[in-house]
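The figures that follow rest on heavy atoms only: side chains count, while hydrogens, waters and symmetry mates do not. Just so it is clear: chains get the letters A, B, ... in the order the sequence lines come, proteins before strands, and each one is counted from 1.
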Amino acid sequence: MVKVRDGDLDRLGMLFERHKRPLYGFFYGLTREQELSEDLVQNTFFRILKYRHLFRGEGDFKAWMFHIARNVKHDHYRKNKVNLKDDLEKWQEKLGHDENRSTEMQQEEEQQMLSMAMDRLPVEKREILLLTKYQEKKYQEIGEILGCTEGAVKVKVFRALQELRVIFKQLERSH
Amino acid sequence: MEARKIEELIGKYNEGFADPVEVKLIEQLLETGEIELTQLRELNLLDQQLLKMEAPSPSIRLDDQFYSFLADERRKQRMGRFSFKMPDWNTLLPRLAFASVVLVAGFVGGYLYSKPSQKLEVYELTQQVSELREMMIFSLLERESATDRLKAVGLTSEMDQVSVKVTAALFKTLNQDDNANVRLAALEAIKPYSKQSRVREELVRSIKRQDSPLVQIALAEFMAAIQEKKSVEELQKLLQNENTPKEVRSKINESIKVLI
């Protein structure tokens, strides 16, 4: 990233190849829309390039990238005057259609159920779990992204996992 | 809090018997770092399952969008470089040096026509022009501006035959220059000398020193074009490197197929 900041744009291609999948996974986990998630990845890289001079080179690039990704997501919903709650309702409608879900979900039943439970989790809790997954459990870096302490991140993860477990068990019982 | 009491609390939580007050206490202990999330058995299992969940893959549309955006940005960057600026002494000096070279070359030409018999003097003058030109190339290659370094590489292609010192400078540029465009230009300038085995060996050695996808692809394609089979091993190492982008891998695979 330091080389990109200093004007070597070819390196941005390398960063894109390395991080496009986790970033896409993060947006897709939040929106469940393929095209929108791809556009948000593209916008994130656009901002990384635009604000490259602000990267100090001291911290973790991935944490900086996810920080920008969250801003991109907020701006998208603000600009389109749609909030994630509305979107959540939209997908909960989608959840009713097994045909839609079956193509998106993985084969194993447990994974399917976990994916379903994730979809039913409130967006801020889903976001913290997605950050934990794609930021590889680096709680301190997640704290930097969210602007809170490492301990506060652990509490947020704990609460999100607790709620996920409750939803997961409800789904298990209804199957 | 005592370690024994913490253990009891974790045990109670793991058995599903913790009341809301105890859950609140667990939160406090997590915040202070006295308890780790991994100690909470069921939640840890759930967390592990989440980590194992396969990440979805974006479609090729994202790659198309990104790379066309990157190409636009590169174009803008190049345009910015060539925009008009009042020349200062730093930029004027190499130009003056170039003008002097052209002037001396004119004298050489004049000599050649007017006194064809004095071959020795003409030869000496030609040598002097080449030396001057080489000096200018070395000086431009050391400059911070990538445009100046590109000019230096361009000057080598105007020479009929470059010296060992110039090819060494071109290889140094190919292997060490910070700018991928300058590296690519150096590779272009080296290509006419690829019949020399020494140059081919240096080119093979250069593969591992490249991290720009553009230069990696250009080198792989050139290796296939000149049928340099000794490059296969180095190209395969690039394939094995997890940092090598997908597009580069596919180009390398194509080159290896041609070579083996």
Side-chain angles (χ1 to χ4, degrees), chain A residues 3 6-14 16-18 20-29 32 34-35 37-39 41-42 45-46 49-50 104 106 110-111 113-115 117-118 129-130 132-134 136-137 139 149-162 164-165 168-169, chain B residues 23 26-38 40 42-47 49-67 69-71 73-74 76-78 80-81 146 178-181 183-184 211-216 242-248:
Chain A
K3 295 223 170 187
D6 298 340
D8 186 355
L9 295 192
D10 290 332
R11 302 277 177 149
L12 190 70
M14 291 175 79
F16 172 76
E17 288 302 331
R18 204 174 295 159
K20 67 180 177 188
R21 212 170 156 193
L23 201 52
Y24 174 78
F26 172 70
F27 285 129
Y28 188 78
R32 291 282 167 192
Q34 187 198 317
E35 276 199 15
S37 304
E38 287 172 355
D39 289 345
V41 173
Q42 169 83 356
F45 273 92
F46 172 75
L49 190 68
K50 191 174 171 189
E104 288 175 14
Q106 298 168 8
E110 218 172 55
Q111 293 271 297
M113 221 116 71
L114 192 60
S115 178
M118 275 290 275
L129 293 182
L130 287 168
T132 310
K133 179 176 166 70
Y134 293 114
E136 290 147 358
K137 292 180 132 190
Y139 298 121
T149 63
E150 187 180 348
V153 172
K154 286 180 187 170
V155 174
K156 282 176 197 277
V157 174
F158 171 72
R159 287 176 185 164
L161 283 173
Q162 283 219 114
L164 185 71
R165 184 179 57 176
F168 187 76
K169 284 191 172 164
Chain B
V23 170
I26 286 176
E27 283 186 2
Q28 283 167 11
L29 293 168
L30 274 169
E31 194 162 10
T32 53
E34 286 168 90
I35 287 184
E36 286 305 321
L37 280 161
T38 46
L40 309 173
E42 224 178 313
L43 292 193
N44 189 40
L45 277 173
L46 204 56
D47 198 17
Q49 270 180 287
L50 274 179
L51 288 177
K52 274 189 220 150
M53 261 173 77
E54 207 185 325
S57 293
S59 71
I60 195 78
R61 173 181 166 270
L62 177 62
D63 284 2
D64 287 348
Q65 274 184 343
F66 173 78
Y67 283 106
F69 151 74
L70 192 59
E73 288 301 316
R74 276 206 204 101
K76 276 186 216 159
Q77 197 185 42
R78 271 201 299 273
R81 252 185 231 153
D178 290 337
N179 186 295
N181 291 330
R183 285 187 183 215
L184 276 176
D211 43 22
S212 152
L214 287 174
V215 186
Q216 286 171 337
E242 57 179 22
N243 291 334
T244 307
K246 199 173 66 189
E247 289 68 20
V248 178

Worksheet entry | chain B interface, residue from A:Gln34, A:Met14, A:Lys133 that has the most non-hydrogen pairs under 4.5 Å | A:Lys133
With a 4.5 angstrom heavy-atom cut-off, which part of [X] approaches chain B: side chain, backbone, both or neither?
X: A:Tyr139; answer: side chain
X: A:Arg18; answer: side chain
X: A:Gln162; answer: both
X: A:Leu129; answer: side chain

Side chain, backbone, both or neither: which part of [X] has an atom under 4.5 Å from a heavy atom of chain A?
X: B:Ser59; result: both
X: B:Ile35; result: neither
X: B:Val23; result: both
X: B:Glu247; result: side chain
X: B:Leu30; result: both
X: B:Leu214; result: side chain
X: B:Pro56; result: both

Minimum heavy-atom distance [X]-[Y], with the two atoms named:
X: A:Gly13; Y: B:Tyr67; answer: O-OH, 3.8 Å
X: A:Leu164; Y: B:Leu50; answer: CD2-CD1, 3.8 Å
X: B:Glu27; Y: A:Val155; answer: O-CG2, 3.4 Å
X: A:Arg21; Y: B:Ala55; answer: NH2-O, 2.7 Å
X: A:Gln42; Y: B:Gln65; answer: NE2-O, 3.4 Å

Discussion item. I need the residue from B:Leu43, B:Asn243, B:Asp47, B:Ile26 with the largest number of non-hydrogen atom pairs under 4.5 Å to chain A.
Written reply: B:Leu43
Discussion item. How about CD on B:Glu34, more than 12 heavy atoms from neighbouring residues, nucleotides or ligands closer than 6.0 Å, or not?
Written reply: yes
Discussion item. Checking ring pair (Phe, Tyr, Trp, His ring centres under 6.0 Å) between B:Phe66 and each of A:Phe46, A:Tyr24, A:Phe16, which is the one that passes?
Written reply: A:Phe16
Could you tell me whether the side chain of [Y] reaches within less than 4.5 Å of the side chain of [X], counting heavy atoms only?
X: A:Phe45; Y: B:Leu70; answer: no
X: A:Leu114; Y: B:Leu46; answer: yes
X: B:Arg61; Y: A:Asp39; answer: yes
X: B:Leu40; Y: A:Leu161; answer: no

Worksheet item: For B:Leu62, does its backbone N or O pair with a side-chain atom of A:Lys20 as donor and acceptor, under 3.5 Å?
Response: no
Item to complete: Would you mind checking if A:Lys50 and B:Glu73 are paired as a salt bridge, meaning a charged N to carboxylate O distance below 4.0 Å?
Response: no
Discussion item. Could you measure the distance from the CE atom of A:Met113 to the CD atom of B:Gln49? Nearest 0.5 Å is fine.
Written reply: 9.5 Å
Worksheet entry | B:Ile60 CD1 to A:Glu38 CD distance, which is reported to the nearest 0.5 Å | 10.0 Å
Worksheet item: Under the side-chain contact (heavy atoms from CB on, under 4.5 Å) criterion, do B:Glu36 and A:Lys154 qualify, and how do the steps go?
Response: CA-CA 8 Å; B:Glu36 286 305 321; A:Lys154 286 180 187 170; 3.3 Å; yes
